[in-house]
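See below for the structure under consideration.
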2 protein chains.
Amino acid sequence: MMQGAVCHGVPAALLPTGVGRGPYAYQTFRDLIDAYRFDRPAGFTVKLEGEATATVYYLVSGWLVLSKSTANGHRQIVDVVLPGGILDPVSADACTSIVEIEPLTDVSFAAVPREDWHRMLSENPSITREIDIINRAAIARMFERMLRLGKGSAESIIAFAIYELHLRSTVLGMTDGYRLRIPMTQQQLGDFCGLSAVHVCRTLRRLKRHGVLEVTDHMDIRIRDIDALTEIAGIDPDALRQEIIPAA
Amino acid sequence: MMQGAVCHGVPAALLPTGVGRGPYAYQTFRDLIDAYRFDRPAGFTVKLEGEATATVYYLVSGWLVLSKSTANGHRQIVDVVLPGGILDPVSADACTSIVEIEPLTDVSFAAVPREDWHRMLSENPSITREIDIINRAAIARMFERMLRLGKGSAESIIAFAIYELHLRSTVLGMTDGYRLRIPMTQQQLGDFCGLSAVHVCRTLRRLKRHGVLEVTDHMDIRIRDIDALTEIAGIDPDALRQEIIPAA
DNA sequence: CGCATGAATTGATGCACGTCAGCGTCAGAC
DNA sequence: GTCTGACGCTGACGTGCATCAATTCATGCG
């Protein structure tokens with residue numbers, strides 16, 4: 001279970017960005033992914049901040065978070081990675097990882113040696129373009145999140161996080177209408193939004209009381225009033241979709 | 001002054017990342033930059049959020065900021081770009097700019113059509129690698145900033161911003177020892193740090209009173225106690241340098 | 001020179017957060 | 001069955017920061 005290709009040929013149902021979209025549409029890409037595929041259970045820390053790395057990760061299924069921590073124990077989740085996400089956790093010096101990578105669920109991913117990854121890219125310009133788009137989307141959503149981390153109330157950033165995760169999950173076919181299971185504790189959502197767990201709780205309850213959300217049992221969320229949610233988050237839904245959803 | 005190549009052959013003194021380092025070390029790259037070089041005075045907004053764009057920018061001299069705004073008038077500066085910085089202000093849909101670009105000083109930059117840019121990259125793998133490193137550094141410093149935007153006091157994020165800008169300026173040979181002229185108003189520094197201008201002022205004065213900084217006349221800063229500054233910012237200087245300084 | 005403008009400063013006030021501390025619930029271990 | 005540890009929830013309390021409103025200061029300009 002720990003090592004080796006666990007799955008020969010990725011089933012179509014797992015296509016991360018939909019059939020015929022994203023790098024997964026390319027056989028070359030799929031072959032490379034399959035060759036370096038791993039599975040890991042939730043809670044297994046893949047890579048620590050500061051560790052050396054020479055690997056590019058491609059997430060096939062499950063949720064991951066990338067986080068950084070301060071010396072005094074505070075932690076910020078800088079991105080949530082969903083299936084189809086690419087993760088090149090390397091700083092400017094090209095050998096040290098700058099983030100901690102933590103699975104929120106059981107995950108299946110490919111850990112591709114940087115060398116092989118770059119060889120594939122240089123030989124396949126069209127895959128390079130697809131991956132460029134994925135990276136761009138990641139940056140775009142980080143920009144949006146920074147805007148709400150800096151300015152913006154607890155309500156607005158939580159509303160944004162929920163909307164963002166719902167939107168991305170929906171595109172991946174992981175949601176059931178307006179229902180979304182976020183596999184994070186309130187503590188983790190707080191680390192994502194720059195809030196304390198206590199305040200996440202209060203804010204969620206307020207959104208619940210106002211009829212915006214329904215929150216049941218461990219972050220099982222149903223958006224009841226999406227207009228109110230986007231309003232609170234300060235989102236223009238069409239613009240946001242264009243920005244953060246890779247459209248090839 | 002508004003259009004055309006204003007400078008034939010970039011003088012060595014302008015080499016953004018130092019002699020023999022970064023993409024500027026390549027003649028091919030310099031030729032492309034020269035061909036699309038522009039100058040703009042401070043205050044001239046280059047590109048607005050939401051506008052269409054098909055251009056990659058390379059900053060040759062001066063300071064730029066990238067920012068996003070909310071509907072209710074709040075603004076977050078998501079990055080400060082220094083000479084040698086690359087700017088590909090495009091969202092996932094590959095045609096709309098997601099940020100506003102604003103020069104803080106007179107700037108000189110190249111606006112390279114996306115097509116030409118990508119042609120150069122595909123024909124020059126080593127330039128691609130250099131540029132990759134620059135982009136990685138930009139992401140690394142955004143991660144660090146997000147950490148302090150979310151958790152972290154006003155003191156810590158301001159200390160971090162000053163240290164970051166000082167470090168990057170020093171590498172570019174733009175500082176005079178521990179003195180650094182930041183061409184931003186306190187309002188802009190606040191937009192960068194997620195704080196109000198008033199609180200930036202108070203925080204700077206506190207740092208001043210405690211002997212950490214000397215602040216004179218419009219953001220002319222001298223770091224008097226760099227250990228205290230890194231301590232407040234929660235920085236490990238060596239690790240940070242590795243992370244955010246492109247070392248080719 | 002006086003005036004206008006835009007930035008930095010300072011004080012007063014209020015609130016949205018964090019922190020602490022306690023309680024309830026649930027799931028797993030045994 | 002009890003015990004234990006995570007997690008969610010809630011109330012009380014303190015504070016760091018935003019906001020509003022003056023005042024000062026620097027600069028440019030008629």
Side-chain angles (χ1 to χ4, degrees), chain A residues 41-43 70 72-76 102 104-105 147-162 181-210 213-221 232-234, chain B residues 41-43 70 72-76 102 104-105 147-162 181-210 213-222 232 234:
Chain A
T70 58
N72 54 345
H74 282 174
R75 181 181 145 171
Q76 176 70 39
E102 182 193 342
L104 295 177
T105 65
L147 174 57
R148 280 148 188 100
L149 265 186
K151 330 282 163 156
S153 59
E155 273 201 352
S156 94
I157 187 163
I158 287 189
F160 180 81
I162 290 174
R181 176 122 228 306
I182 299 182
M184 300 169 99
T185 64
Q186 294 185 347
Q187 175 66 51
Q188 288 167 325
L189 187 56
D191 290 344
F192 188 39
C193 296
L195 299 166
S196 68
V198 172
H199 207 69
V200 168
C201 175
R202 282 191 227 281
T203 308
L204 282 177
R205 298 220 67 237
R206 198 175 335 136
L207 291 173
K208 202 164 151 185
R209 232 177 306 132
H210 292 357
L213 298 178
E214 220 167 81
V215 186
T216 51
D217 180 53
H218 278 253
M219 305 296 296
D220 207 334
I221 290 176
I232 291 167
Chain B
T70 58
N72 55 342
H74 282 174
R75 184 181 132 153
Q76 177 70 39
E102 181 192 344
L104 295 177
T105 65
L147 175 57
R148 281 149 187 99
L149 265 185
K151 330 281 165 159
S153 60
E155 273 201 352
S156 94
I157 187 164
I158 287 189
F160 180 83
I162 290 174
R181 175 121 227 307
I182 298 182
M184 299 169 101
T185 63
Q186 295 184 347
Q187 175 66 52
Q188 287 168 325
L189 186 57
D191 289 343
F192 189 40
C193 297
L195 298 167
S196 70
V198 172
H199 206 69
V200 168
C201 176
R202 283 190 227 279
T203 308
L204 282 177
R205 298 221 68 238
R206 199 177 331 139
L207 291 173
K208 201 165 152 185
R209 234 178 304 139
H210 292 355
L213 298 178
E214 220 168 80
V215 185
T216 52
D217 180 51
H218 278 253
M219 307 296 296
D220 207 334
I221 290 177
R222 175 145 161 276
I232 291 168

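Hydrogens, waters and symmetry mates play no part in the numbers below; they use all other heavy atoms, side chains included. Lettering of chains follows the sequences in order, A, B, ..., and the numbering in each one begins at 1. Predicted, not measured: the structure shown is a model, and the values here were computed from it.
- Mapping heavy-atom proximity under 4.0 Å, the span of DNA chain D touched by chain B runs 5' to 3' from D:dC17 to D:dC20.
- For the atom pair CG (B:L147) and OG1 (A:T70), the distance works out to 6.0 Å, reported to the nearest 0.5 Å.
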Completion exercise
Readout for nucleotides 8-20 of chain C: B = base within 4.0 Å of protein heavy atom, S = sugar-phosphate only, - = neither; 5' to 3' it is SBBBB----BSBB

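- Counting heavy atoms from C-beta outward, A:R206 and A:E155 have side chains that approach closer than 4.5 Å.
- Taking each heavy atom of A:I232 and A:A159 in turn, the nearest pair found is CG2-CB, 3.8 Å.
- Closest of all the heavy-atom pairs between A:G194 and B:K151 is CA-CE, 3.9 Å.
- B:Q76 places a side-chain N or O within donor-acceptor distance of the main-chain N or O of B:D191, the cut-off being under 3.5 Å.
- Summarising the geometry of A:L104 relative to A:P183, their closest heavy-atom pair is CB-O, 3.5 Å, with the distance given to 0.1 Å.
- Taking each heavy atom of B:R148 and B:S156 in turn, the nearest pair found is CG-OG, 4.1 Å.
- With hydrogens and angles disregarded, no donor-acceptor distance shorter than 3.5 Å links the side chain of B:R202 to the backbone of B:A197.
- Residues A:A161 and A:L189 share a closest heavy-atom pair of CB-CD1, 4.4 Å.
- Judged purely by atom type and a 3.5 angstrom limit, A:R75 has no side-chain atom pairing as donor or acceptor with the backbone of A:F192.
- One end of the helix from C:dC1-D:dG30 to C:dC30-D:dG1 points its axis 30° away from the other end's axis, with each axis taken from 5 pairs and the angle rounded to 10°.
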